[in-house]
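Right, one structure below, let's go through it.
Note on naming: letters A, B, ... go to the chains in the order of the sequence lines (proteins, then strands), and numbering restarts at 1 for each one.
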Number of protein chains: 2
Amino acid sequence: MRDRPRAYLAGPDVFLPNPEVIAEAKHKLCEKLGFTGISPSDNIIDVHGLPLRDAAFMISAANEQMIRDCDLVIANLTPFRGPSADVGTVFELGFARGLGLPAFAYTNVADSLIERIRALLGPCVRQRVSMPGTFEDEYGMAIEGFGLADNLMLEGALHASGAELIVCSTPEDRRFTDLSGFERCLQQAAVQLGRRR
Amino acid sequence: MRDRPRAYLAGPDVFLPNPEVIAEAKHKLCEKLGFTGISPSDNIIDVHGLPLRDAAFMISAANEQMIRDCDLVIANLTPFRGPSADVGTVFELGFARGLGLPAFAYTNVADSLIERIRALLGPCVRQRVSMPGTFEDEYGMAIEGFGLADNLMLEGALHASGAELIVCSTPEDRRFTDLSGFERCLQQAAVQLGRRR
């Protein structure tokens with residue numbers, strides 16, 4: 001472990017109008033807590049003139065390499081365009097976990113997955129006849145009823161790596177910019193990695 | 001590599017009313033193509049009487065272990081409760097990729113990500129003033145415009161591991177059960193892993 005561990009900052013933040021602004025704010029918090037923050041938007045690669053698919057694959061490969069060069073990951077799992085977290089972020093969390101990196105995460109929406117799916121799908125969500133107490137959607141497909149914030153693989157990965165999801169109740173207009181949950185992740189990481197050093 | 005490589009079969013199939021039925025159908029196709037199929041639903045663990053969170057974490061840890069014990073992953077990336085793939089599946093794809101397993105995937109929805117997001121969000125999707133040709137949602141957050149089926153990290157991972165996403169146009173009532181894309185993944189895997197053996 002480096003003296004100042006490198007934290008990969010996964011999240012849908014990269015889709016904000018000015019991703020470098022939130023990246024800079026995150027990097028400052030990282031510094032304050034003894035980490036070096038690495039954001040996908042730090043990745044300046046020249047895709048000019050490339051076919052779109054090739055450009056996409058080049059960005060993907062560069063992001064994977066950035067994660068390989070980091071010591072931990074901090075993921076923003078705030079629900080994004082649906083009841084669950086951004087799939088790009090989730091991929092990166094899984095990738096980091098597969099590499100054995102300690103994983104930390106926060107979400108700025110406090111409702112549980114089942115509450116959000118009920119809000120999204122409405123009356124088509126019904127009790128499962130075969131399994132009282134569990135629910136299913138319009139396709140008859142089960143809805144996880146563990147009371148977690150998202151699919152169990154996400155919080156399971158955090159738990160297995162020694163952390164807990166930080167859940168914040170953030171006003172909608174700051175959903176993708178509020179960093180209090182992020183800062184609490186850094187505090188968790190400082191304690192956990194401090195113990196390991 | 002084992003003589004009959006073990007393929008972890010990630011997908012929202014596990015949420016179907018009878019996940020063991022589709023798992024068995026997938027396992028038969030695996031056998032036919034020279035693989036041993038391993039599904040999350042094969043994982044019989046006793047969570048009886050456990051608090052819900054502990055049960056969830058036990059399932060997650062068992063799934064991670066199953067993936068560690070496999071030689072490749074085949075993911076069902078069909079959009080699930082939103083414009084993107086199931087996040088549990090995406091986590092597992094990332095995890096497998098982090099472990100260095102060859103990755104294959106299919107989707108039973110042929111529209112691109114941008115088409116699905118436009119269908120979902122409607123008129124709030126608008127051109128980005130600062131970046132002509134790119135789009136943004138109601139939060140001003142960018143929508144990937146690479147023409148891919150989902151977030152670039154997903155297809156990027158497949159591409160980097162030597163495969164291509166299999167895209168099928170499947171009627172809605174068979175969206176989560178049609179296995180023609182899955183079978184094509186197995187064919188891809190047989191060629192790729194055959195070359196490696």
**Report entry** Residue part contacting chain A, namely of B/E155, when any heavy atom lies under 4.5 Å
**Finding:** both
Query raised in the report: Which residue out of A/G98, A/G82, A/G156, A/G147 racks up the most heavy-atom pairs below 4.5 Å with chain B?
Result: A/G98
Report task. Output yes when B/E164 and A/R53 qualify as a salt bridge under the 4.0 Å nitrogen-oxygen rule, no when they do not. Result -> yes
Query raised in the report: Are B/I166 and B/I74 co-members of a hydrophobic cluster defined by side-chain heavy atoms under 4.5 Å apart?
Result: yes
Report summary line: Of B/I67, B/D137, B/L93, the largest count of non-hydrogen pairs under 4.5 angstrom with chain A goes to B/D137
Requested in this report: State plainly whether one hydrophobic cluster holds both A/Y106 and A/F80, where clusters connect Ile, Leu, Val, Met, Phe, Trp and Tyr through side-chain heavy atoms under 4.5 angstrom apart.
Outcome: yes
Query raised in the report: Do B/V73 and B/I38 belong to the same hydrophobic cluster, where Ile, Leu, Val, Met, Phe, Trp and Tyr are linked whenever their side-chain heavy atoms lie under 4.5 Å apart, directly or via other members?
Result: yes
Query raised in the report: Hey, mind stepping through B/F176 and A/Y139 against side chain to side chain contact (heavy atoms under 4.5 Å, CB included) and telling me if it holds?
Result: CA-CA 9 Å; B/F176 293 105; A/Y139 294 100; 4.1 Å; yes
Report summary line: If one checks every heavy atom of B/D173 against chain A at 4.5 Å, the contacting part turns out to be neither
Requested in this report: For side chain to side chain contact (heavy atoms under 4.5 Å, CB included), just list the numbers for B/M153 and A/F95, CA-CA rounded to whole Å, side-chain angles, deciding distance to a tenth of an Å, and then say yes or no.
Outcome: CA-CA 10 Å; B/M153 294 307 294; A/F95 184 74; over 6 Å; no
Report summary line: Rounded to the nearest 0.5 angstrom, the CG-CG distance for B/L148 and A/L52 is 8.5 Å
Requested in this report: Supply the atom-to-atom distance A/L16 CG to B/E136 CD, rounded to the nearest 0.5 angstrom.
Outcome: 10.5 Å
Report task. Could you tell me which of A/H159, A/R175, A/R68, A/R81 has the largest number of non-hydrogen atom pairs under 4.5 Å with chain B? Result -> A/R81
**Report entry** Neighbour count >12 (heavy atoms, 6.0 Å) for atom CD, A/Q187
**Finding:** yes
Report task. Report whether B/F15 and B/V21 are members of the same hydrophobic cluster (ILVMFWY, side-chain heavy atoms less than 4.5 Å apart, transitive linking). Result -> no
Report summary line: Assert top hit (heavy-atom pairs under 4.5 Å, partner chain B, pool A/L158, A/I117, A/L101) equals A/I117
Query raised in the report: Which atoms form the tightest heavy-atom contact between A/V90 and B/V87, and what is the distance?
Result: CG1-O, 3.3 Å
Query raised in the report: Any side-chain heavy-atom pair from A/F91 and B/L154 closer than 4.5 angstrom?
Result: yes
**Report entry** Connected via hydrophobic side-chain network under 4.5 Å: B/F146 and A/V14
**Finding:** no
Requested in this report: Heavy-atom distances under 4.5 Å only: say whether A/A96 touches chain B with side chain, backbone, both or neither.
Outcome: neither
Query - B/I143 portion near chain A, given a 4.5 angstrom heavy-atom threshold - result: both
**Report entry** A/L99, part contacting chain B, at a heavy-atom distance under 4.5 Å
**Finding:** both
Query raised in the report: Using non-hydrogen atoms and a limit below 4.5 Å, what part of residues 57-64 of chain B faces chain A?
Result: B/F57, B/I59, B/S60, B/N63, B/E64
Query - Which portion of A/P19 sits near chain B, non-hydrogen atoms under 4.5 angstrom - result: neither
Query raised in the report: Checking A/E92 against chain B: side chain, backbone, both or neither under 4.5 Å from a heavy atom?
Result: side chain
Report task. Identify which part of B/P51 has an atom lying under 4.5 Å from any heavy atom of chain A, answering side chain, backbone, both or neither. Result -> neither
